[in-house]
Amino acid sequence: MNTVAQQRGPAKIFLIAAEESGDRLGQDLMKALRAELGGAVTFSGVGGRSMNSEGLMSLFPVDDLSIVGFAEIPRRLPLILRRIREASLTVLRERPDVLVIIDSPDFTHRVARRVRSQDPSIPIVDYVSPTVWAWRTGRARAMCAYIDRVLALLPFEPEAYRRLGGPPCDYVGHPLLEHIGSLTPLTAEAAARATGTPQLLVLPGSRRSEIRRHIDIFGETLAQLRASGVSFDAVLPTLPHLENKVREAVKAWPVAPRIVVGEDERRAAYRNARAALAKSGTVTLELALARVPMVAAYKVSAWEAAIARRVIATNTVILANLVIGENVVPEFLQNDCRPDRLALALHEILGEGPSRQRQLDAFSRLRDIMSTGDRAPSQRAADLIIAAMRQPRRK
């Protein structure tokens, strides 16, 4: 058992997760920490429904922190600054054995900097690396001042931190690895992928702004693909809170998709899919692990795109490509995100051919690239957080 728990009673862990994906990570982490510490742990901090189900009473609703895109920042800034102060003061008052910030660096790193400046003795672990390897590379070195250790979800990130002079960084694994079984087709599902009418996944995004930008483009893409003589069944997985918006939006589509809602239905759709049209993001890595060839697209406002072109330091924004180390997934960004180009690329991967096979060959290597051995990502993360608690406190 951890020496902190032995000497001081239950370990006190303060967690901050500012959006849904971080909330799910926090839930699995809390389970793993509780198991590793034999239950001798108390949790406090900021989280959503998932972390609440593990006993965390959030300081405030995480919806207060929900921001997508630069355009939303000015409107939400006063509330967010107030929440940064509130979270920082609570950490300083409670003096936990460790502060764990989970993703959402625009919020969590500001809290971490305030805490470190006021009380350097509190260890701070960053679970989920900011994209220092893609843009604002100077952040890596700056993090040394207030982050003790970074827990990375992607296997290439520790080397990026060494190259950029950042804090110690360990690869713990992506949470998708804990769901590999549910992404792997059963025998009948694998046969369905290869025969009959192809099932095409359509994934315009999981945020309202993403859906708004992609929904018409994706609908017209399906129309052009069908007009070119390609036979397929379109399936659009979505979340319960977005279902009504999505159903209303696709009413105008010439090709009506079958909409599925909920996690079980979504994973079943992945197992049966022959190909996918997806917005850029974590979903591309999930599709690659499920061995579903895809076409990736993304569109933002003109001024957001102008900023991105100046600061992005990689030759791809597709997560699957970055992890594989090869640009196998075609990406259509901004002005290239056009129905005619997307339809042509989808035509190439729905049928047998070199474009489809190249993706499948690359995806077959992905699980080895991302392997974490016999320890699940949340367990590896818990081990390193407990190690951080064991370190002598700063003065």
Side-chain angles (χ1 to χ4, degrees), residues 1-19 22-23 25-26 29-30 33-34 36-37 40-47 51 55-60 62 64-65 77-130 132 138-152 161 165-170 172 381-395:
M1 183 178 292
N2 178 261
T3 56
V4 173
Q6 289 176 329
Q7 295 172 7
R8 304 181 188 174
K12 293 167 56 181
I13 299 178
F14 200 103
L15 303 138
I16 301 178
E19 59 181 321
D23 183 41
L25 274 177
L29 178 62
M30 290 170 71
L33 285 165
R34 188 176 286 114
E36 291 296 309
L37 293 168
V41 58
T42 61
F43 298 110
S44 57
V46 178
M51 292 167 69
L56 182 81
M57 298 297 293
S58 184
L59 283 176
F60 46 78
V62 292
D64 288 356
L65 311 176
L77 189 57
L79 175 60
I80 290 168
L81 291 176
R82 188 162 69 248
R83 294 311 194 194
I84 289 170
R85 290 192 296 270
E86 184 178 352
S88 306
L89 289 172
T90 305
V91 175
L92 293 168
R93 184 175 64 250
E94 293 190 5
R95 295 197 77 243
D97 294 309
V98 63
L99 167 61
V100 182
I101 58 173
I102 306 175
D103 209 358
S104 306
D106 288 335
F107 180 85
T108 60
H109 282 228
R110 284 174 169 80
V111 175
R113 284 197 294 267
R114 282 171 172 255
V115 170
R116 178 51 49 90
S117 68
Q118 296 296 313
D119 189 346
S121 71
I122 299 174
I124 302 177
V125 176
D126 187 4
Y127 189 14
V128 185
S129 166
V132 296
R139 288 179 297 173
R141 188 176 296 276
M143 286 166 61
C144 292
Y146 60 92
I147 297 293
D148 296 302
R149 185 164 294 276
V150 178
L151 310 184
Y161 274 83
C169 177
D170 297 274
V172 298
D383 291 342
L384 289 164
I385 290 167
I386 291 169
M389 292 193 299
R390 287 177 173 162
Q391 296 298 315
R393 287 215 169 199
R394 294 169 176 247
K395 295 183 179 179

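Side chains are part of it too, since the values below use all heavy atoms of this structure and drop only hydrogens, waters and symmetry mates.
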*For P96 against V91, the heavy-atom pair lying closest together*: CD-O, 3.4 Å
_Distance in Å, R83 CZ paired with I16 CD1, rounded so as to fall on 0.5 Å steps_ = 12.5 Å
*Does any N or O in the side chain of D97 come within less than 3.5 Å of the main-chain N or O of K12, such that one atom is a donor and the other an acceptor?*
yes
*Report yes if the side chains of P10 and V41 come closer than 4.5 Å at any heavy-atom pair, otherwise no.*
no
*Partners passing salt bridge (Lys or Arg N to Asp or Glu O under 4.0 Å) against R149 (at least two apart in sequence or in another chain)*: D170
*asked:* Any heavy-atom pair between the side chains of S44 and E94 that's under 4.5 Å?
replied: yes
*asked:* So, using side chain to side chain contact (heavy atoms under 4.5 Å, CB included) as the criterion, who are the partners of S117 when residues are at least two apart?
replied: none
*Please report the closest heavy-atom contact between P167 and C144, naming both atoms and the distance.*
N-SG, 3.4 Å
*T108 side chain to D103 main-chain N or O, any donor-acceptor pair under 3.5 Å?*
yes
_Could you measure the distance from the CZ atom of F14 to the CG atom of L56? Nearest 0.5 Å is fine._
8.5 Å
*Roughly how far, to the nearest 0.5 Å, is the CG atom of D383 from the CG atom of L151?*
10.5 Å
*Look at the side chain of D23 and the backbone N and O of M51, then say whether any donor-acceptor pair between them is shorter than 3.5 Å.*
yes
*Distance from I386 atom CD1 to L37 atom CG, nearest 0.5 Å?*
4.0 Å
*Could you tell me whether the side chain of M389 reaches within less than 4.5 Å of the side chain of L33, counting heavy atoms only?*
no
_Side-chain heavy atoms of R114 within contact of L92, under 4.5 Å_ = no
_4.5 Å side-chain heavy-atom contact, I385 and L29_ = yes
*asked:* With rounding to the nearest 0.5 angstrom, report the CD1 to CZ distance, I101 to R110.
replied: 11.5 Å
*Could you walk me through whether V125 and L384 pass the side-chain contact (heavy atoms from CB on, under 4.5 Å) test, one step at a time?*
CA-CA 9 Å; V125 176; L384 289 164; over 6 Å; no
_I need the full list of ring-ring contact (aromatic ring centres under 6.0 Å, His included) pairs touching residues 81-116, with sequence neighbours left out, sorted by first then second residue._
H109-Y146
*Taking the side chain as every heavy atom from C-beta outward, state whether S88 and Q118 have any atom pair closer than 4.5 Å.*
no
*Less than 4.5 Å apart, any side-chain heavy atom of D148 and any of R116?*
yes
